[in-house]
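Proteins come first, then strands; the chains are lettered A, B, ... in the order of their sequence lines, and each starts at number 1. Both backbone and side-chain heavy atoms feed into the values below; hydrogens, waters and symmetry mates do not.
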Number of protein chains: 2
Amino acid sequence: MGNSKLYKGSLTTIILKLLEEQGKMYGYEITQKVKLLTKGELKITEGALYPALHKLEAEGLLDVEVAKVDNRLRKYYKLTEQGEEETVNRLAELEEFIRSMQNLVNPNWSIK
Amino acid sequence: MGNSKLYKGSLTTIILKLLEEQGKMYGYEITQKVKLLTKGELKITEGALYPALHKLEAEGLLDVEVAKVDNRLRKYYKLTEQGEEETVNRLAELEEFIRSMQNLVNPNWSIK
DNA sequence: TCTTATGCATAAGAATTCTATGTATTAAAT
DNA sequence: ATTTAATACATAGAATTCTTATGCATAAGA
């Protein structure tokens, strides 16, 4: 999660969520998408991303499909059925976490 | 951060914020306060808390003051000047992080 | 009297991430 | 034409953070 030191543990949730809405993505694409969506705030490093993808795959949450584009390798990942279920759970947990943090840190905020 | 699995890196920010608004607190008090404020959502374990406090102290962000109450030891921590500055920075980072995550995960939310 | 609550602490291990490095192709810049 | 940047994958070693387990000690409650 690059230079913006904060908050380990959110990477897999980000990956799952992106795959949920994009259908399928490859690693490099994920790093660029996150950079774009957060205006450079979060930078996913390759050393974090690829092991995370491999682990999610090993856990049965992702499927891989290899493609060759312009003679370059791409590994497209998509959610398995189990992955879709897990995504729902992780997002709910993340939302709870964010609410808790807001209560702790700035009770004036609220999510609408 | 106990059973509620999520998100390493937020503990020190929580500690700093609580000390900012409470003036001074001791370790056990922090665990109880967090449990209360988050309705049991976040449980800070001692194995995480005490090392974190020691580190913040070593970094010069906290000062300690030992007290004895009912023949039991208490170590009251409070922010140093440097700690107050750092708290402002960390809270700004946390807010940025939360906004980023919301953009990623649920663009329909917003903080008001 | 036994258990729970209060209050501190550390050690070993797990989990996650960062930094550095490696390979290879394509596109852009000099 | 050649160097650099971008694309695309990967892993190893170190650092950081947290969990689990354990330890000591006093006070309060069952």
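- For the pair A:Glu59 and A:Val69, both in contact range of DNA chain C, the more 5′-proximal nearest nucleotide belongs to A:Glu59.
- Rounded to an integer number of Å, the gap from CD of A:Glu29 to C1' of D:dC9 is 14 Å.
- Residue contacts shown for B:Glu46 include a base, since a base heavy atom lies under 4.0 Å away.
- Taking atom CG of B:Leu11 as the reference point, atom C1' of D:dC18 lies 9 Å away to the nearest angstrom.
- Across all strands shown, D:dA30 forms a Watson-Crick or G-U wobble pair, both distances under 3.5 Å, with C:dT1.
- For residues 47-57 of chain A, the pairs satisfying salt bridge (Lys or Arg N to Asp or Glu O under 4.0 Å) are A:Lys55-A:Glu59, with sequence neighbours left out.
- Regarding A:Leu49, its CG atom lies at a distance of 11 Å from the C1' atom of D:dA8, rounded to whole Å.
- Here A:Asn71 contributes atom CG and A:Lys68 contributes atom NZ; the two are 5.0 Å apart, rounded to the nearest 0.5 Å.
- Between A:Leu53 atom CG and D:dA10 atom C1' there is a gap of 12 Å when expressed in whole angstrom units.
- OP1 or OP2 of C:dC8 lies within a sub-4.0 Å distance of a side-chain N or O belonging to B:Tyr50.
- Residues from residues 70-79 of chain A lying near DNA chain D, meaning a heavy-atom separation below 4.0 Å, are A:Arg72, A:Leu73, A:Arg74, A:Lys75 in numerical order.
- Taking the side chain as every heavy atom from C-beta outward, B:Phe97 and B:Ser10 never approach each other to under 4.5 Å.
- Within the 4.5 Å cutoff, the side chain of B:Val34 has heavy atoms near those of the B:Leu18 side chain.
- Put simply, CG on A:Leu56 is 10 Å from P on C:dT17, counting in whole angstrom units.
- Across the protein-nucleic acid pair, B:Gln32 atom CD and C:dC8 atom P stand 11 Å apart, rounded to whole Å.
- Listed by chain and number, the residues in a side-chain contact (heavy atoms from CB on, under 4.5 Å) with A:Gln32 are A:Tyr28, A:Lys35 (sequence neighbours excluded).
- Separating the NZ atom of A:Lys43 from the P atom of C:dT17 is a distance of 17 Å, rounded to the nearest angstrom.
- Without hydrogens or angle criteria, B:Glu29 side chain to B:Tyr26 main chain gives a donor-acceptor distance under 3.5 Å.
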Enumerate all atom pairs, one protein N or O and one N or O from nucleotides 13-16 of chain D, separated by less than 3.5 Å.
{"residue": "D:dT16", "atom": "O2", "partner": "A:Lys8", "partner atom": "NZ", "Å": "3.4"}

With a 3.5 Å cut-off and sequence neighbours excluded, list the donor-acceptor pairs that the side chains of residues 76-89 of chain B form with protein atoms.
{"residue": "B:Tyr76", "atom": "OH", "partner": "B:Arg74", "partner atom": "NH1", "Å": "3.0"}
{"residue": "B:Thr80", "atom": "OG1", "partner": "B:Gly60", "partner atom": "O", "Å": "2.6"}
{"residue": "B:Thr80", "atom": "OG1", "partner": "B:Leu61", "partner atom": "O", "Å": "3.2"}
{"residue": "B:Thr80", "atom": "OG1", "partner": "B:Gln82", "partner atom": "N", "Å": "3.4"}
{"residue": "B:Thr80", "atom": "OG1", "partner": "B:Gly83", "partner atom": "N", "Å": "2.9"}
{"residue": "B:Glu86", "atom": "OE2", "partner": "B:Arg90", "partner atom": "NE", "Å": "2.9"}
{"residue": "B:Thr87", "atom": "OG1", "partner": "B:Gly83", "partner atom": "O", "Å": "2.6"}

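- B:Arg99 pairs with exactly one of B:Gln102, B:Glu96, B:Glu95 by the side chain to side chain donor-acceptor pair (under 3.5 Å) rule, that one being B:Glu95.
- Contact between the side-chain N/O atoms of B:Thr45 and the OP1/OP2 oxygens of D:dC18 is not found at any separation under 4.0 Å.
- Within the structure, ring pair (Phe, Tyr, Trp, His ring centres under 6.0 Å) contacts touching residues 35-68 of chain B (residues at least two apart or in different chains) do not occur.
- A close approach under 4.0 Å does occur between a side-chain nitrogen or oxygen of B:His54 and OP1 or OP2 of C:dT10.
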